[in-house]
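So the structure is just underneath, and the comments pick up after that.
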Amino acid sequence: MTKIIALDYDDTYTADPELWDLFIAAAVKNRHLVVCVTFRYQDRQPIDAPPPGIELFYTGGQPKGAYMAAQGLMPDIWIDDMPDLIGPTRRLLEPI
């Protein structure tokens, strides 16, 4: 089953880019969609070296879960050093 995986940038991807590049390549090879979701503002805090080959989303200080839901792309898996910035996700927003 294909999963959407959200990878944080600051202090997650940047903590070990080589490791995360290998992870991204393996996930994509296994037909998962990996995206990078950052709490940064695109106009004030652009990322100079984004993870290669994946889409980058700037939430501009909005909770990441709500921002991604508004984009119509809710991750199944979140990898983030500050999970409180994600806020409610699909599991919390949808009835079980």
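Positions are given from 1 along the sequence.
In this structure, P75 and M68 approach most closely via the heavy-atom pair CD-CB, 3.9 Å. Closest of all the heavy-atom pairs between D8 and C36 is C-SG, 4.3 Å. In this structure, P52 and Y13 approach most closely via the heavy-atom pair CD-OH, 3.5 Å. Taking both residues in full, the closest heavy atoms of P63 and G87 are given as CB-CA, 4.5 Å, listed atom of the first, atom of the second, then distance. When all heavy atoms of K64 and V37 are compared, the pair lying nearest together is NZ-O, 3.3 Å. Of all the heavy atoms in A49 and Y9, the pair that sits closest is O-OH, 3.0 Å.
Between the side chain of T2 and the main chain of R31, a donor-acceptor pair closer than 3.5 Å is present. At distances below 3.5 Å, not a single donor-acceptor pair connects side-chain atoms of Y58 with backbone N or O atoms of Q42.
Partners of D81 according to the side-chain hydrogen bond (donor to acceptor under 3.5 Å, both in side chains) rule, which considers only residues two or more places apart in sequence or in another chain, are T12. Taking the side chain to side chain contact (heavy atoms under 4.5 Å, CB included) definition, one finds that L33 meets it with I4, V35, L73, sequence neighbours left out. For T59, the side-chain hydrogen bond (donor to acceptor under 3.5 Å, both in side chains) test picks out no residue, with sequence neighbours left out.
Atom CD in Q62 sits 13.0 Å away from atom CZ in F57 (nearest 0.5 Å). Rounded to the nearest 0.5 Å, atoms CD1 (I24) and CD1 (I5) are 9.5 Å apart. Rounded to the nearest 0.5 Å, atoms OH (Y67) and CE (M74) are 12.5 Å apart. Taken to the nearest 0.5 Å, the CZ atom of R40 stands 9.0 Å off from the CG atom of L56. One distance of note links CG of L7 with CD1 of I77; it measures 11.5 Å at 0.5 Å rounding. For the atom pair CH2 of W78 and CG of L85, the computed distance is 10.5 Å after rounding to the nearest 0.5 Å.
Note: the hydrophobic cluster containing M82 also contains F39 (ILVMFWY, side chain heavy atoms under 4.5 Å, direct or indirect links).
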